[in-house]
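Written below as structure tokens is the structure these notes are about.
To find a chain, count down the sequence lines: A is the first, B the second, and so on, and within it residues start at 1.
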There are 2 protein chains.
Amino acid sequence: MSAPPAHRLLARLRHFTVFSPEERNAINTACGGSALVARQRRDLIREGDRPRGVPLILEGWAFRYKTLEDGRRQIIALHLPGDLCDIHGSILRKMDHSIGALTQVRYVELTRDQIDDLAALGPRVHQALWWDSLTTAAIQREWTVNLGQRDALERLSHLFCELIFRLRAVGMIDGLRCEIPLTQTDLAEATGMTPVHVNRMVQELRSRQLIRWKGREFEALDLDGLCDVAMFNPAYLHLDHEGRHLDALG
Amino acid sequence: MSAPPAHRLLARLRHFTVFSPEERNAINTACGGSALVARQRRDLIREGDRPRGVPLILEGWAFRYKTLEDGRRQIIALHLPGDLCDIHGSILRKMDHSIGALTQVRYVELTRDQIDDLAALGPRVHQALWWDSLTTAAIQREWTVNLGQRDALERLSHLFCELIFRLRAVGMIDGLRCEIPLTQTDLAEATGMTPVHVNRMVQELRSRQLIRWKGREFEALDLDGLCDVAMFNPAYLHLDHEGRHLDALG
DNA sequence: CGTTTCCTTGACTTAACTCAAGAGGAGTGG
DNA sequence: CCACTCCTCTTGAGTTAAGTCAAGGAAACG
């Protein structure tokens, strides 16, 4: 038997609050609908489409992106298992960007009603969903800072640091090792540089003994060092049990 | 007598839905608390602070920013009159960035309860508040694209285009003329370039007869041309009466 | 007025891009 | 099993967009 559907989501939300077993069950039930699969490099939803439900990533990595008229493409966000993509976006009539699958992605689409029902479970769940979308927004802001102020090496290091912390939050890291199913071209589109330059920066991080990365196998050899290079401050991820004050269980 | 407090906010929300007179009154009442004033170049709230209420800008321009350890600073967002800053941010314990006043800013701080009361007025208001925070997120995404993919001239043009559309949405533009109370250094911090280079790009836009800008007086001499340079597509602002389907009044 | 802030310009430097070619794997089909 | 393609990564050489440094001018301010 496999992990419950909301396994990764619950792992993440645990950084904000502590749920009762009933709440956990209810969340798992809500997320237990029939899973959809997007094949690698296909879109889950495309710019211009009318938003359907809210995708919850169960397995695999997805990404949001936007394409300019002349073909330049920017990856706006990365989504890991447990991520809710755009929790309230269904209010808008048209997607202003696309969501694609980096790897094969298993996901469920939560309906508006399902989200509302979850929120109605009580203030803990309600606020946890809020926290989710607020942290998503905070990540987006940090990406803005990253692109605006950091140089290439810092930008790349920062992205690696963020991914490490986020993967850790959903229990997908083994010490400092994890899978990063991104190509250097993907990294280029996420960090606003050319693939060639990403390659040079990756070499630089390798030669400084900060990372090991071959195929999908990634390891931070010196996380503190990597954070220093990136000037990474994880506060924006709001993973530090912010919501303990809401915790009815102790 | 002066304009009702939610004047600009209502002007903006009108792009999403149409309110009944009762709803409008209720919104104005909620926003009618005693206004606060932030002096020019002072902070409304600072990174690390506990969020208080949700600032609603009544007059003046504000900006969100984040500072790196070494002093580099990125302006993450600009806020015009009628903007609600971070409508649900009060759930988080600590601000991960600061909000400052570009000009003198008059604003009110809406409490969590006031927001909840507004949302309880009915689905139109509730969804309009949602729409507000979704468009804020969409703008943040577009800034990510802007910083990641566009070159200096495009970036600057794009920001001008966005400001024109947003100012128009709150009725603060006269044809193609408006006030832009930003210094070139502010623009530099918003677009991730140096003030010197902003200056050169401004000159370039002037010499192409696309803009006039002296002091605070700004005019787009050729908005289509400016949009072309920027590859500006206003869809992300979601100003096209998306919510007419929610409109009970016709 | 004098002072400060903001804008402007020029000369020089540098980070990152471009173009091009080759190497290493992974998968496919004969 | 080999030959093939395709994709990703890697490296080098030359180019360019943007940054840096420095100084002067204009405008706003008190």
Side-chain angles (χ1 to χ4, degrees), chain A residues 39-42 61 68 70-75 102-104 146-160 179-207 211-218 229-230, chain B residues 39-42 61 68 70-75 100-104 146-160 179-207 211-218 229-230:
Chain A
R39 301 201 58 92
Q40 189 170 27
R41 302 287 161 180
R42 294 296 175 73
W61 288 34
L68 300 186
D70 64 356
R72 278 178 281 176
R73 190 163 86 147
Q74 175 69 32
I75 294 181
L102 276 168
T103 63
Q104 174 162 302
N146 208 24
L147 288 164
Q149 294 302 322
R150 283 185 254 256
D151 69 20
L153 192 70
E154 295 166 340
R155 248 173 8 241
L156 197 62
S157 308
H158 193 278
L159 183 52
F160 284 137
E179 285 212 348
I180 294 193
L182 297 165
T183 64
Q184 293 184 0
T185 302
D186 295 328
L187 283 177
E189 290 181 348
T191 55
M193 37 184 161
T194 58
V196 171
H197 202 55
V198 167
N199 182 268
R200 291 191 232 267
M201 296 301 104
V202 169
Q203 312 280 358
E204 176 68 22
L205 292 176
R206 287 204 264 246
S207 79
I211 68 168
R212 241 174 24 83
W213 189 28
K214 181 137 179 84
R216 295 183 157 199
E217 303 300 317
F218 182 94
V229 169
Chain B
R39 301 202 58 92
Q40 189 170 27
R41 302 287 162 180
R42 294 296 176 74
W61 288 35
L68 299 185
D70 64 357
R72 279 178 281 176
R73 189 163 88 147
Q74 175 69 33
I75 293 181
L102 276 168
T103 62
Q104 172 162 303
N146 209 24
L147 288 164
Q149 294 301 322
R150 282 185 254 255
D151 69 21
L153 191 69
E154 296 167 340
R155 250 180 356 248
L156 196 62
S157 308
H158 194 280
L159 183 52
F160 284 137
E179 286 212 347
I180 295 193
L182 296 163
T183 65
Q184 293 185 358
T185 301
D186 295 329
L187 283 176
E189 290 181 350
T191 55
M193 37 183 162
T194 56
V196 171
H197 203 55
V198 167
N199 182 269
R200 292 192 233 266
M201 296 300 104
V202 168
Q203 312 280 356
E204 175 67 22
L205 292 177
R206 287 204 263 247
S207 79
I211 67 169
R212 242 175 22 84
W213 188 28
K214 181 136 178 90
R216 294 181 158 202
E217 302 302 317
F218 181 94
V229 169

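- Whole-Å rounding puts the A/Leu153 CG to C/dA15 P distance at 12 Å.
- Atoms CZ (B/Arg150) and C1' (D/dA18) sit 18 Å apart, rounded to a whole Å.
- Counting only heavy atoms from C-beta outward, the side chains of B/Thr103 and B/Arg216 approach each other to under 4.5 Å.
- With hydrogens and angles ignored, the 3.5 Å screen pairs a side-chain donor or acceptor of A/Glu154 with a backbone N or O of A/Asp151.
- Between the P atom of D/dA17 and the CD atom of B/Gln149 lies a distance of 16 Å, rounded to the nearest Å.
- Of the candidates D/dA27, D/dT11, D/dA18, D/dA27 carries the atom nearest the B/Lys214 side chain, counting heavy atoms from C-beta on.
- The side-chain heavy atoms of A/Phe160 and A/Leu187, taken from C-beta on, include a pair separated by under 4.5 Å.
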- Message: Using salt bridge (Lys or Arg N to Asp or Glu O under 4.0 Å), reason through A/Asp70 and B/Arg150 one step at a time and then give a plain yes or no.
- Response: CA-CA 11 Å; A/Asp70 64 356; B/Arg150 282 185 254 255; over 6 Å; no
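- OP1 or OP2 of D/dT10 lies within a sub-4.0 Å distance of a side-chain N or O belonging to A/Gln184.
- Checked against D/dT11, C/dA16, C/dT8, the side chain of A/Asp151 finds its nearest nucleotide in C/dA16.
- Rounded to whole Å, atom P of C/dT5 lies 16 Å from atom CZ of B/Arg216.
- Each of C/dA20, D/dC9, C/dT8 was ranked by its minimum atom distance to the side chain of A/Arg206; first place goes to D/dC9.
- When side chains are defined from C-beta on, A/Gln40 does not count as touching A/Trp61, because their heavy atoms never get closer than 4.5 Å.
- Counting non-hydrogen atoms under 4.0 angstrom, A/Val196 reaches a base of the nucleic acid.
- Here the C1' atom of nucleotide C/dG10 and the CD atom of B/Gln203 are 13 Å apart, to the nearest Å.
- Listed for the A/Gln74 side chain is a donor-acceptor partner under 3.5 Å among the backbone atoms of A/Glu189.
- Judged by closest nucleotide on DNA chain C, B/Thr183 is the one of A/Ala152 and B/Thr183 placed further toward the 5' end.
- Within a 6.0 Å sphere centred on CZ of B/Arg206, heavy atoms belonging to other residues, nucleotides or ligands number more than 12.
- The separation between A/Arg200 atom CZ and D/dC9 atom P is 14 Å, rounded to whole Å.
- Protein atom NE2 of B/His197 is 20 Å distant from nucleotide atom P of D/dA22, rounded to whole Å.
- Taken over five-pair windows at either terminus, the axes of the helix from C/dT8-D/dA23 to C/dA26-D/dT5 are inclined to one another by 40° (rounded to 10 degrees).
- Of the side-chain N and O atoms in A/Asn199, one or more sit less than 4.0 angstrom from OP1 or OP2 of D/dT10.
- Atom CD in B/Glu189 sits about 18 Å away from atom P in D/dA18, given to the nearest Å.
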